[in-house]
Trainee: 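The structure that follows is given in the form of structure tokens.
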Amino acid sequence: MIFANRALLPTGWVENLRLTLSEGRIETIGVSQTARDGDTRVDVLLPALANLHSHSFQRAMAGMTEYRKAGKDSFWTWRDLMYRFTKELSPDQIEAIAALVFMEMQEAGYASVGEFHYVHHQPDGTPYDDLAELSGRIAAAVAETGIGLTHLPVLYTYGGAGQVPLQAGQARFGNTVDRYNDLVERARYLLRSLPADCQVGIAPHSLRATCPEELGAVLQDHGKGPVHIHIAEQPKEVADILQWLGARPVEWLLENVGVSDKWCLIHATHMTEAETRDMARSAAVAGLCPITEANLGDGPFNGPSYLAQGGRFGIGSDSNVLISLTEEIRTLEYSQRLRDVARNVMVVGEGSIGETLYRGAARGGAQALGRGTGEIAVGELADLMAIDSTDIALCALQTHQLIDGLCFAGRDRVVTDVWSAGRHSVRGGQHIGRERIVANYRTAMKNLMSAL
């Protein structure tokens with residue numbers, strides 16, 4: 001049971017709210033003037049967000065790519081450095097990094113994660129004895145942290161648009177369609193040991209890393225659950241796909257594949273107005289990763305036009321260079337302000353920017369991960385976050401201003417509690433397994449640094 005001084009429901013703010021949970025879901029919601037014995041008492045209760053796009057292993061290379069060399073740095077030069085780093089990772093290190101990342105996500109306020117998992121094999125490309133060994137390591141990190149998981153094994157067949165062969169640095173990623181199908185089924189088997197809210201979707205890496213025939217085959221076999229794909233992140237990607245397939249990436253995808261509300265299109269940064277409109281009408285979710293998109297120089301998403309057409313969106317931490325829910329939300333809005341030389345951009349008509357972004361990201365993230373949550377309502381998964389309104393960043397605000405304060409003035413330190421499908425992993429601002437998880441990560445990084 002949870003008693004909240006204030007809570008944000010779909011209908012608005014309510015005081016003195018009491019929730020009961022059962023089998024990971026919200027069973028009852030009612031108003032009670034006082035907490036009861038045994039209740040977990042919190043100040044402000046919110047629906048927790050899903051982190052819809054993560055490559056957990058990249059957290060360990062944060063800070064290693066911020067040195068400019070001769071010439072122009074870009075996403076593509078960053079990618080080369082990432083490939084070299086990836087070659088050194090062992091299964092134990094991948095598990096330790098993932099556990100730290102998932103813990104940091106929960107302490108930042110996320111209740112679940114979409115792990116876009118593309119490191120599958122040994123450094124030379126040879127599969128492990130267990131084809132899904134590294135998916136199993138992600139599952140182990142989830143079991144340790146309690147975060148909700150939508151695991152997204154990645155199909156990565158080619159090194160570039162036009163079926164270019166894989167490069168040496170991509171050897172750990174590569175699979176044929178047949179081997180990929182085997183990997184997905186093995187991952188599903190491994191996830192059976194996790195709570196029922198954890199599931200497996202699929203992730204064709206991008207149009208440039210697959211081809212139309214193989215994309216169609218994989219969708220026919222596995223397209224009933226969540227489908228995530230990188231799309232239109234960089235101008236070079238757009239130009240390469242246009243030259244190869246005769247259409248821009250988002251344009252081609254919408255015209256040739258049955259994109260629906262099961263899909264999450266990651267980044268979708270470089271779109272025409274027509275693509276923006278058509279993507280919004282498809283009911284797919286735009287998976288926006290503002291911190292990473294800024295760090296890699298991707299450019300800003302076409303937010304105002306997309307929202308005006310009723311487009312759905314969620315947020316993700318992608319490269320995990322910084323894991324911060326509040327920073328992702330404000331970076332999304334600030335990217336629009338910098339481009340448009342305007343304020344309060346990401347809302348249709350009038351209204352609170354913070355609440356528009358927070359509620360939108362809660363609904364869109366839940367849809368993208370297939371979690372059946374996104375709001376505090378009976379029957380929904382109990383993905384919940386509590387914040388402390390007495391924090392110095394929020395203490396001067398009225399109730400209707402709290403989400404604006406959280407998104408634009410707050411830091412993740414205001415988060416006191418997080419539940420993932422009812423699993424109460426963050427209490428008093430810290431994860432219950434923090435000491436052990438951090439110690440394991442430090443040991444793994446000491447070993448990794450000696451190998452680099």
Trainee: For E27, I'd like to know if atom CD has over 12 heavy atoms of other residues, nucleotides or ligands within 6.0 Å.
Mentor: yes

Trainee: Are any non-hydrogen side-chain atoms of S90 and R137 less than 4.5 angstrom apart?
Mentor: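 S90 vs R137: side chains apart.
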
Trainee: Working to the nearest 0.5 angstrom, can you tell me the gap between I437 CD1 and H431 NE2?
Mentor: 5.0 Å

Trainee: Is the shortest distance from a Lys or Arg side-chain nitrogen in R208 or D240 to a carboxylate oxygen in the other one below 4.0 Å?
Mentor: no

Trainee: Does one side chain, of Y156 or Q170, offer a donor that lies under 3.5 Å from an acceptor on the other?
Mentor: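 Distance-only check passes for Y156 and Q170.
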
Trainee: Give the C-alpha distance, both sets of side-chain angles, the deciding distance and a yes or no for ring-ring contact (aromatic ring centres under 6.0 Å, His included) between F313 and Y306.
Mentor: CA-CA 9 Å; F313 70 94; Y306 186 72; 7.6 Å; no

Trainee: Distance check, rounded to the nearest 0.5 Å: E144 atom CD versus N440 atom CG?
Mentor: 6.0 Å

Trainee: For the pair V257 and L219, evaluate side chain to side chain contact (heavy atoms under 4.5 Å, CB included) and give the outcome as yes or no after the intermediate values.
Mentor: CA-CA 9 Å; V257 179; L219 291 174; 3.4 Å; yes

Trainee: Counting distance only, does the side-chain N/O of N51 pair as donor-acceptor with the main-chain N or O of S317 below 3.5 Å?
Mentor: yes

Trainee: If you take all heavy atoms of C289 and I266, which pair is closest and at what distance?
Mentor: SG-CG2, 4.4 Å

Trainee: Restricting to non-hydrogen atoms, name the atom on L369 and the atom on S112 that form the minimum distance, rounded to 0.1 Å.
Mentor: CD1-OG, 3.6 Å

Trainee: So that I can tick it off, tell me whether E273 and R277 are bridged by a salt bridge, with the cut-off set at under 4.0 angstrom between side-chain N and carboxylate O.
Mentor: no

Trainee: Answer whether the closest heavy-atom distance between the side chains of V348 and T356 falls below 4.5 Å.
Mentor: no

Trainee: Is there a side-chain contact between N320 and E104 in this structure, where contact means two heavy atoms from C-beta onward sitting under 4.5 Å apart?
Mentor: no

Trainee: Report yes if the side chains of L131 and H120 come closer than 4.5 Å at any heavy-atom pair, otherwise no.
Mentor: no

Trainee: Are there over 12 heavy-atom neighbours, none belonging to Y189, within less than 6.0 Å of that residue's OH?
Mentor: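 No, OH of Y189 has 12 or fewer neighbouring heavy atoms, counting only those of other groups under 6.0 Å.
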
Trainee: Under 4.5 Å between any side-chain heavy atoms of I329 and L49, yes or no?
Mentor: yes

Trainee: Output yes when a side-chain donor or acceptor of Y180 lies under 3.5 Å from a complementary backbone atom of P153, and no otherwise.
Mentor: yes

Trainee: Report yes or no: do Y158 and E214 form a side-chain donor-acceptor pair below 3.5 Å?
Mentor: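 There is such a pair (donor and acceptor under 3.5 Å, judged by atom type) between the side chains of Y158 and E214.
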
Trainee: Taking the six-membered ring for Trp and the full ring for Phe, Tyr or His, determine whether the centres of H117 and H151 are under 6.0 Å apart.
Mentor: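 Judged by ring-centre distance (under 6.0 Å), H117 and H151 do meet the cut-off.
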
Trainee: Got a donor-acceptor contact below 3.5 angstrom from the E328 side chain to the I291 backbone?
Mentor: yes

Trainee: Is it true that E185 and R188 have a side-chain N and a carboxylate O under 4.0 angstrom from each other?
Mentor: yes

Trainee: Say whether, by atom type as modelled, one donor and one acceptor occur between the side chain of S420 and the main chain of R423 under 3.5 angstrom.
Mentor: no

Trainee: Hey, does I202 have a side-chain heavy atom less than 4.5 Å from the side chain of L155?
Mentor: no

Trainee: Quick one: pull up CG in L253 and OG in S206 and give me the separation to the nearest 0.5 Å.
Mentor: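 L253 CG to S206 OG: 11.0 Å, rounded to 0.5 Å.
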
Trainee: If I compare all heavy atoms of R248 with all of V238, which pair ends up nearest, and what's the gap?
Mentor: NH1-CG1, 3.5 Å

Trainee: Is a side-chain N or O of R371 found less than 3.5 angstrom from the main chain of G365, in a donor-acceptor match?
Mentor: no

Trainee: Of all heavy-atom pairs between L8 and I376, which one has the smallest distance, and what is that distance?
Mentor: O-CD1, 3.6 Å

Trainee: Kindly indicate whether the side chain of I26, heavy atoms from C-beta on, has any atom under 4.5 Å from the side chain of W419.
Mentor: no

Trainee: State plainly whether the residues R186 and D182 are in salt-bridge range, i.e. N to O under 4.0 Å.
Mentor: no

Trainee: Q367 side chain to A283 main-chain N or O, any donor-acceptor pair under 3.5 Å?
Mentor: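 Such a contact is found between Q367 side chain and A283 backbone.
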
Trainee: Start with the C-alpha gap between F85 and L448, add the side-chain angles, then the distance that decides, and say whether side chain to side chain contact (heavy atoms under 4.5 Å, CB included) holds.
Mentor: CA-CA 10 Å; F85 176 82; L448 177 60; 3.7 Å; yes

Trainee: List for me each residue that meets ring pair (Phe, Tyr, Trp, His ring centres under 6.0 Å) alongside Y118, sequence neighbours excluded, and say none if there are none.
Mentor: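 By the ring pair (Phe, Tyr, Trp, His ring centres under 6.0 Å) rule, Y118 matches H55, F57, F173, H205.
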
Trainee: Quick one: do V164 and W244 satisfy side chain to side chain contact (heavy atoms under 4.5 Å, CB included)? Show the steps, please.
Mentor: CA-CA 11 Å; V164 173; W244 175 37; over 6 Å; no

Trainee: Does any donor atom in the side chain of N175 or H121 lie under 3.5 Å from an acceptor atom in the other side chain?
Mentor: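 Their side chains do contain a donor-acceptor pair, which is all the 3.5 Å distance test asks for.
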
Trainee: Between N302 and T276, do the side chains contain a donor N or O and an acceptor N or O under 3.5 Å apart?
Mentor: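 Yes, side-chain donor-acceptor contact under 3.5 Å.
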
Trainee: Going by atom types alone, do E115 and S54 pair a side-chain donor with an acceptor below 3.5 Å?
Mentor: yes

Trainee: Can you give me the closest heavy-atom contact between L207 and W252, atom names plus distance?
Mentor: CD2-CZ3, 3.8 Å

Trainee: Considering only NZ, NE, NH1 and NH2 on the basic side and carboxylate oxygens on the acidic side, decide whether K87 and D124 come within less than 4.0 Å.
Mentor: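 Here K87 does not pair with D124 in a salt bridge, since their nearest N and O are not under 4.0 Å apart.
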
Trainee: Over all heavy atoms of both residues, which pair between P249 and A232 is shortest? Give the atoms and the distance, please.
Mentor: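 Smallest interatomic distance, heavy atoms only, reads CB-N, 4.2 Å.
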
Trainee: Any side-chain donor paired with an acceptor under 3.5 Å for H53 and H267?
Mentor: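 No - no donor-acceptor pair under 3.5 Å links their side chains.
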
Trainee: Roughly how far apart are S56 OG and I97 CD1, rounded to 0.5 Å?
Mentor: 7.5 Å

Trainee: M279 and E275: side chain to side chain contact (heavy atoms under 4.5 Å, CB included), yes or no, with the steps?
Mentor: CA-CA 6 Å; M279 180 178 164; E275 287 175 300; 6.0 Å; no

Trainee: Counting N and O atoms only, with roles assigned by atom type, does the side chain of E327 sit under 3.5 Å from a partner on the main chain of L322, one being a donor and the other an acceptor?
Mentor: no

Trainee: Taking the side chain as every heavy atom from C-beta outward, state whether P304 and D340 have any pair of such atoms under 4.5 Å apart.
Mentor: yes

Trainee: Any sub-3.5 Å donor-acceptor pair from T292's side-chain atoms to S319's backbone N or O?
Mentor: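 Yes; at least one donor-acceptor contact below 3.5 Å.
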
Trainee: Relative to F408, does R337 satisfy both conditions: NZ or CZ under 6.0 angstrom from the six-membered ring centre, and within 45 degrees of the ring's axis?
Mentor: yes

Trainee: Determine whether more than 12 heavy atoms belonging to other residues, nucleotides or ligands lie under 6.0 Å from atom CD of Q243.
Mentor: no

Trainee: Measure from the side-chain N and O atoms of R179 to the backbone N and O of G174, and report whether any donor-acceptor pair falls under 3.5 Å.
Mentor: yes

Trainee: First locate atom CG of D318, then atom NE2 of H230, and finally report the distance between them rounded to the nearest 0.5 Å.
Mentor: 5.5 Å

Trainee: What distance separates L325 CG from Q106 CD, expressed to the nearest 0.5 Å?
Mentor: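 The CG atom of L325 sits 12.5 Å away from the CD atom of Q106.
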
Trainee: Can you check whether T145's main-chain N or O pairs, donor with acceptor, with S425's side chain at less than 3.5 Å?
Mentor: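 Side chain of S425 to backbone of T145, a donor-acceptor pair under 3.5 Å: yes, one is there.
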
